[in-house]
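Worksheet: the structure to be examined is printed underneath.
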Amino acid sequence: MATNITWHGNITHEERKVLAKQSGLTIWLTGLSGSGKSSIACLLEEHLLKRGYNSYRLDGDNIRFGLNSDLGFSDDDRNENIRRISYVSKLFNDSCTFIIVSFISPFKKERENARKIHEADNLPFIEAYVDAPLEVVEARDPKGLYKKARQGIIKEFTGISSPYEAPEDPEIHLKNYDSPIEKSVEQIVKYLEENNYIK
Ligand SMILES: Nc1ncnc2c1ncn2[C@@H]1O[C@H](COP(=O)(O)OS(=O)(=O)O)[C@@H](OP(=O)(O)O)[C@H]1O
Ligand SMILES: Nc1ncnc2c1ncn2[C@@H]1O[C@H](COP(=O)(O)OP(=O)(O)O)[C@@H](O)[C@H]1O
């Protein structure tokens, strides 16, 4: 509990943006395992870096090796995973970095909480739904996880034995199943340009 502790501030966020020559933002990719989150995040990160924007990726698989290595895949653990990462992405965003978050983040309530955590401090939060139907991701199955989930070897697997709540009104809806990854990246870039996040 947050008792007997004091928040220490330094320069204002407005001053930081001027010094950093860019503002921060969070692009929150959500979707089933195999929908294309990591591939899109990697290409997008590269694209933005090459255009001169300080950008960084937080990926579910990667974060679970370290910071969140104590968490599994029960509903409670997934919620804690997303809660922690919401605060981490807010910190990066506040530091004037473009942060690309790619977690399954299956539950609406936790994604909404992530949004609130950002928007409470006027930090832009852009939800991008990486949409690919279960039959498509199951056919892709690059890590063989769906096969194991169907065999009951992996329990509580998203889309099979654990729910995925698709966003109803995301800022960006990527239909990442009948066109190449590059198209999805272009769609995000277009959104960022049209909303004056990038020039
Ligand atoms: N039970 C179960 N359900 C879903 N996914 C599983 C599971 N077990 C392991 N994996 C692997 O973990 C990756 C998802 O981790 P996340 O942190 O993004 O999940 S979550 O947001 O907490 O739901 C996910 O990576 P992606 O395929 O990149 O989504 C899987 O490789
Ligand atoms: N638009 C697409 N068309 C065809 N294959 C794709 C597309 N997007 C992703 N893939 C493939 O699907 C697999 C899963 O992609 P990945 O980015 O690892 O998804 P996630 O991070 O959501 O699990 C990879 O083999 C990737 O090359």
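Each ligand, and each atom within it, is numbered from 1 in the order the structure gives.
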- Query: Can you tell me if Thr12 and Glu15 form a side-chain donor-acceptor pair at under 3.5 Å?
  - Reply: yes

- Indicate whether the side chain of Tyr177 and that of Ser35 have a donor and an acceptor atom separated by less than 3.5 Å. no

- Query: Parallel under 30°, tilted from 30 to 60°, perpendicular over 60°: which one fits the rings of Tyr129 and His173?
  - Reply: tilted

- Query: Can you name the closest pair of heavy atoms from His118 and Asn93 and give their distance?
  - Reply: CD2-ND2, 3.6 Å

- Query: Taking only residues two or more places apart in sequence, or in another chain, which ones meet Lys147 in a side chain to side chain donor-acceptor pair (under 3.5 Å)?
  - Reply: none

- Query: For ligand 1, what is the set of protein residues having any non-hydrogen atom at a distance below 4.0 Å?
  - Reply: Ser33, Gly34, Lys37, Ser38, Gly60, Asp61, Arg64, Phe73, Arg78, Asn81, Ile82, Phe103, Ile104, Ser105, Pro106, Lys143, Leu145, Ile154, Lys155, Glu156, Phe157, Thr158

- Test item: side-chain donor near acceptor, Asn113 and Arg83, under 3.5 Å: no

- Note on the structure: Expected contact list for ligand 2 at under 4.0 angstrom, heavy-atom basis, is Leu32, Ser33, Gly34, Ser35, Gly36, Lys37, Ser38, Ser39, Arg140, Pro142, Asn176, Ser179, Pro180, Ile181

- side chain to side chain donor-acceptor pair (under 3.5 Å) pairs touching residues 41-51, sequence neighbours excluded, are Glu45-Arg57, Glu46-Lys50, His47-Arg51, Arg51-Glu193

- Query: Does the side chain of Ser89 pick up a donor-acceptor pair with the side chain of Trp28 at under 3.5 Å?
  - Reply: no

- Query: Do Arg78 and Thr158 have a side chain donor and acceptor closer than 3.5 Å?
  - Reply: yes

